[in-house]
Protein chains: 2
Amino acid sequence: MATIQEVAKKAGVSAATVSRVLNNRNSVKEKTRMRVDQAIRELNYEPSVLGRNLRNSESRLLLVLIPSISNPFYTEIINGIEDTAIGKGYNILLCETDSNPKREAIYFNMVRNRLADGIILMDPTVNRKNLHDLACKHPIIQCSEFDENGTISYVTIDNELAAYQAVKHLIKIGKKKVALINSDEKFLYARERRSGYEKAMKEFGLPIESKWIRSVEQLGFESGQQAMRSLLNEADMPNAVFAVSDVLAIGALKEINSIGLKVPEDIAIIGFDKISFSNMTHPTLTTIAQPMYKMGCISATMIIDKIRGNDVESLILDHELIIREST
Amino acid sequence: MATIQEVAKKAGVSAATVSRVLNNRNSVKEKTRMRVDQAIRELNYEPSVLGRNLRNSESRLLLVLIPSISNPFYTEIINGIEDTAIGKGYNILLCETDSNPKREAIYFNMVRNRLADGIILMDPTVNRKNLHDLACKHPIIQCSEFDENGTISYVTIDNELAAYQAVKHLIKIGKKKVALINSDEKFLYARERRSGYEKAMKEFGLPIESKWIRSVEQLGFESGQQAMRSLLNEADMPNAVFAVSDVLAIGALKEINSIGLKVPEDIAIIGFDKISFSNMTHPTLTTIAQPMYKMGCISATMIIDKIRGNDVESLILDHELIIREST
DNA sequence: TCTTTTTATGAAATCGATTACATTTTATGT
DNA sequence: ACATAAAATGTAATCGATTTCATAAAAAGA
């Protein structure tokens with residue numbers, strides 16, 4: 001790998017001039033620029049991000065922190081982030097934190113060390129103090145999850161309202177015994193969706209029974225299956241299920257199918273996220289669509305704005321109830 | 001973020017001494033080391049990877065290049081990579097290339113620039129010359145896909161044999177009209193699996209009919225659905241399908257179900273990869289299991305070995321036919 | 001106590017780029 | 001043609017760490 005010095009020598013100019021050519025600076029004579037460009041091409045030169053960053057504190061790299069890449073919910077968001085970021089000259093690096101604070105710390109330090117310019121955080125399990133310390137000095141925004149009392153800008157949807165509407169829909173089609181399969185309440189969305197569930201139940205004068213509420217730790221199909229199995233074992237079985245993620249709903253659906261009950265006649269089911277699988281099940285899954293791609297685009301725009309020193313406002317986007325065969 | 005200079009000042013020593021403490025160098029007096037450690041703690045100091053790399057050319061970061069994170073096939077591999085890499089003191093950054101040469105070039109340059117120590121490549125669409133140029137000077141290994149005539153070490157499975165066994169299984173259960181839903185033959189695995197399909201058909205004296213072969217560009221469910229729809233429109237309909245990925249198989253399954261045909265009685269179907277969703281379909285999907293987690297672990301071990309300057313051998317791992325309800 | 005050897009530390013160069021400032025070259029006006 | 005303004009380029013400092021080489025301090029030997 002050639003250095004800027006070698007290019008300078010080959011072009012018969014100083015490193016400073018090469019640098020100016022590289023950065024399209026104002027004052028370089030056309031003739032000189034040509035010579036430098038020529039030398040750059042001949043040596044196949046690429047500026048070292050390392051040297052540049054050390055001086056400039058700019059890497060044009062964004063970190064995207066997600067708890068796990070296995071969750072299809074994140075895929076569309078990431079597509080949105082990438083398309084937008086690349087359009088603005090930034091590249092993104094995906095970091096899987098596994099909700100492990102140590103790994104999170106490593107990625108946070110990449111920003112402190114100027115290896116990356118900013119972070120889009122989708123993981124809720126951060127140590128709040130670390131997060132806040134980082135946010136004071138470095139650009140960071142949150143996507144989907146956010147810190148309720150924090151000062152960090154975010155983009156998300158109204159989870160409580162969405163859950164409320166989902167459950168209301170179940171009640172409207174005549175189901176009064178609505179179960180909830182929730183994920184770990186360390187997630188803000190889980191707490192909000194539970195609250196939406198409760199709001200809808202209360203509004204229609206239905207009891208909130210803890211025997212119809214399950215909380216899972218993992219977000220895999222199996223967790224949905226297990227939760228559903230446990231719900232089906234209740235003497236007083238629910239006749240509808242609101243699962244806070246399509247993955248869980250699909251697991252639940254599988255379990256219901258496998259013991260021979262009909263969906264939606266015996267048990268109706270509604271998921272959340274509108275992942276692509278949710279249209280492949282039998283019956284297809286009613287779900288709440290989040291504008292995931294758009295959330296990604298907005299996240300990217302926000303973080304780049306922040307990197308450029310602008311103030312950015314938090315945003316709450318619209319969701320949509322997608323009614324399909326399972327209700 | 002404190003610098004090494006500030007630590008040095010606070011501890012009343014030179015930056016050189018602080019550096020020696022940081023790197024556990026031989027000669028630092030116990031008393032001095034204590035003072036430096038103290039200063040480091042008080043200032044909450046973390047050495048800058050930037051400064052260190054510029055001098056040392058080591059970042060302890062690995063790049064993992066995948067065409068798309070939406071494909072669940074990669075998830076387990078990545079888990080294996082991460083667990084292994086982290087165990088050995090390396091962190092990984094996921095890079096989605098979208099099979100876009102420009103984006104690939106950016107990530108390649110991160111290695112040239114010493115922002116990362118090595119690459120695990122899972123994308124086949126690389127410009128061969130660029131790849132080779134990089135491989136000459138920097139550690140790189142390939143996982144799953146590889147360059148047949150290249151010198152780059154890889155870990156993969158015997159795709160031809162696996163496909164051969166899958167198709168043989170279909171024939172053995174009495175299906176003679178076996179269709180193939182393949183992915184783009186730019187992928188080596190696609191070419192190999194097609195060849196395995198043909199081998200099995202020939203072995204049993206069955207014709208290889210182009211009307212029963214489909215090639216898709218995208219690897220989504222919809223592609224599987226479309227391919228199946230087109231196969232079902234043939235006057236002479238197949239009675240079995242080998243899809244080169246579970247995602248495609250699930251799309252095909254959906255299509256078969258939706259026009260009222262029975263699986264496996266009317267049409268048997270077999271997928272590839274054993275993704276977690278393949279056990280959630282109705283009926284559950286027969287598939288070929290790849291040791292994905294293990295592939296990830298081995299990839300990580302190989303690349304780190306290579307970074308350390310050791311020679312590494314390519315590996316071909318075993319696969320397994322998982323017979324479930326769809327055949 | 002005075003060398004000599006060993007150990008601990010500091011000063012300064014280095015990595016590859018950028019940029020403020022200095023200097024040279026070119027353009028403009030009279 | 002000459003003075004002056006403007007444009008182009010070079011010089012050298014800088015970013016934060018590491019490391020070579022030189023030097024100071026401590027230990028060992030006489």
Side-chain angles (χ1 to χ4, degrees), chain A residues 1-40 43-61 109-117 137-138, chain B residues 1-40 43-61 109-117 137-138:
Chain A
M1 209 63 196
T3 72
I4 200 171
Q5 311 293 344
E6 302 174 61
V7 174
K9 198 170 162 191
K10 178 145 212 149
V13 298
S14 74
T17 302
V18 178
S19 174
R20 282 186 273 255
V21 171
L22 285 171
N23 297 282
N24 294 312
R25 273 305 179 293
N26 32 358
S27 57
V28 179
K29 228 190 198 168
E30 190 54 29
K31 218 173 103 191
T32 319
R33 174 190 306 278
M34 303 264 283
R35 279 215 317 284
V36 172
D37 277 337
Q38 172 75 9
I40 288 176
L43 291 172
N44 212 345
Y45 167 78
E46 286 270 359
S48 156
V49 183
L50 239 47
R52 173 176 291 173
N53 287 15
L54 190 52
R55 185 62 218 256
N56 267 7
S57 298
E58 194 199 39
S59 63
R60 300 201 146 242
L61 244 32
N109 275 332
M110 285 185 63
V111 177
R112 292 211 178 86
N113 285 334
R114 303 297 183 167
L115 272 181
D117 293 348
K137 301 205 164 190
H138 300 275
Chain B
M1 209 64 195
T3 72
I4 201 171
Q5 310 292 345
E6 302 174 62
V7 174
K9 197 171 164 192
K10 179 145 210 152
V13 298
S14 74
T17 301
V18 177
S19 174
R20 283 186 272 255
V21 171
L22 286 171
N23 297 282
N24 295 311
R25 275 302 179 295
N26 31 358
S27 58
V28 179
K29 227 189 197 169
E30 190 54 30
K31 218 172 103 191
T32 320
R33 174 189 305 278
M34 302 265 284
R35 277 216 317 284
V36 172
D37 278 335
Q38 172 75 7
I40 288 174
L43 291 172
N44 212 346
Y45 167 78
E46 288 268 0
S48 157
V49 183
L50 238 47
R52 173 176 292 172
N53 286 16
L54 189 52
R55 189 63 219 255
N56 270 5
S57 298
E58 195 201 38
S59 63
R60 299 202 144 240
L61 245 32
N109 276 332
M110 284 185 63
V111 177
R112 292 212 178 85
N113 286 335
R114 303 296 184 167
L115 270 181
D117 293 347
K137 301 205 165 190
H138 300 276

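Throughout, protein chains are lettered first and strands after them, A, B, ... in sequence-line order, and every chain is numbered starting at 1.
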**OP:** Please state whether the phosphate of C:dG16, meaning OP1 or OP2, lies under 4.0 angstrom from any side-chain nitrogen or oxygen of A:Ser48.
**Re:** no
Original post:
So does B:Asn53 get a side-chain nitrogen or oxygen closer than 4.0 Å to the phosphate oxygens (OP1/OP2) of C:dC15?
Top reply: no
Check the distance between [N]'s [atom2] and [X]'s [atom1] and give it to me in whole angstrom.
{"X": "A:Arg35", "N": "D:dA8", "atom1": "CZ", "atom2": "P", "result": "14 Å"}
{"X": "A:Lys9", "N": "D:dG10", "atom1": "NZ", "atom2": "P", "result": "15 Å"}
{"X": "B:Ile40", "N": "D:dA17", "atom1": "CD1", "atom2": "C1'", "result": "13 Å"}
{"X": "A:Arg60", "N": "C:dA17", "atom1": "CZ", "atom2": "P", "result": "17 Å"}
{"X": "A:Leu22", "N": "C:dT19", "atom1": "CG", "atom2": "P", "result": "11 Å"}
{"X": "A:Met34", "N": "D:dT9", "atom1": "CE", "atom2": "P", "result": "13 Å"}
{"X": "A:Arg33", "N": "D:dA7", "atom1": "CZ", "atom2": "P", "result": "15 Å"}
{"X": "B:Glu30", "N": "D:dA25", "atom1": "CD", "atom2": "P", "result": "21 Å"}

Pick base, sugar-phosphate or nothing for [X], based on heavy-atom distances below 4.0 Å to the nucleic acid.
{"X": "B:Glu46", "value": "sugar-phosphate"}
{"X": "B:Val18", "value": "nothing"}
{"X": "B:Thr17", "value": "sugar-phosphate"}
{"X": "A:Ser19", "value": "base"}

Between the protein and nucleotides 21-25 of chain C, list every N/O to N/O distance that falls short of 3.5 Å.
none

Among [options], which nucleotide has an atom closest to any side-chain atom of [X]?
{"X": "B:Tyr45", "options": "C:dA17, C:dT18, D:dA17", "answer": "D:dA17"}
{"X": "B:Thr32", "options": "C:dA8, C:dT18, D:dT9", "answer": "C:dA8"}
{"X": "A:Ser27", "options": "D:dT9, C:dG10, C:dT18", "answer": "D:dT9"}
{"X": "B:Ala16", "options": "D:dT18, D:dG16, C:dG10", "answer": "C:dG10"}
{"X": "A:Asn23", "options": "C:dT18, C:dT19, C:dA17", "answer": "C:dT18"}
{"X": "B:Gln5", "options": "C:dT9, D:dA17, C:dA17", "answer": "D:dA17"}

Is there a side-chain contact between [X] and [Y], using heavy atoms and a 4.5 Å cut-off?
{"X": "A:Ile4", "Y": "A:Leu22", "result": "yes"}
{"X": "A:Arg52", "Y": "A:Asn23", "result": "yes"}
{"X": "A:Gln38", "Y": "A:Arg35", "result": "no"}
{"X": "A:Arg33", "Y": "A:Glu30", "result": "yes"}

Atom pair [atom1]/[atom2] of [X] and [Y] - distance to nearest 0.5 Å:
{"X": "A:Lys9", "Y": "A:Ser14", "atom1": "NZ", "atom2": "OG", "value": "14.5 Å"}
{"X": "B:Thr3", "Y": "B:Leu43", "atom1": "OG1", "atom2": "CG", "value": "9.0 Å"}
{"X": "A:Leu61", "Y": "A:Met110", "atom1": "CG", "atom2": "CE", "value": "7.0 Å"}
{"X": "B:Asn44", "Y": "A:Arg112", "atom1": "CG", "atom2": "CZ", "value": "7.5 Å"}

Original post:
Can you name the side chain to side chain donor-acceptor pair (under 3.5 Å) partners of A:Glu46, sequence neighbours left out?
Top reply: B:Asn109
Original post:
When the C1' atoms of the five terminal pairs at each end define the local axes, what inter-axis angle does the helix from C:dT1-D:dA30 to C:dT30-D:dA1 show, to 10 degrees?
Top reply: 40°
**OP:** Locate the shortest heavy-atom distance separating A:Ala39 from A:Ala11; write the atom from each residue and the value.
**Re:** CB-CB, 3.9 Å
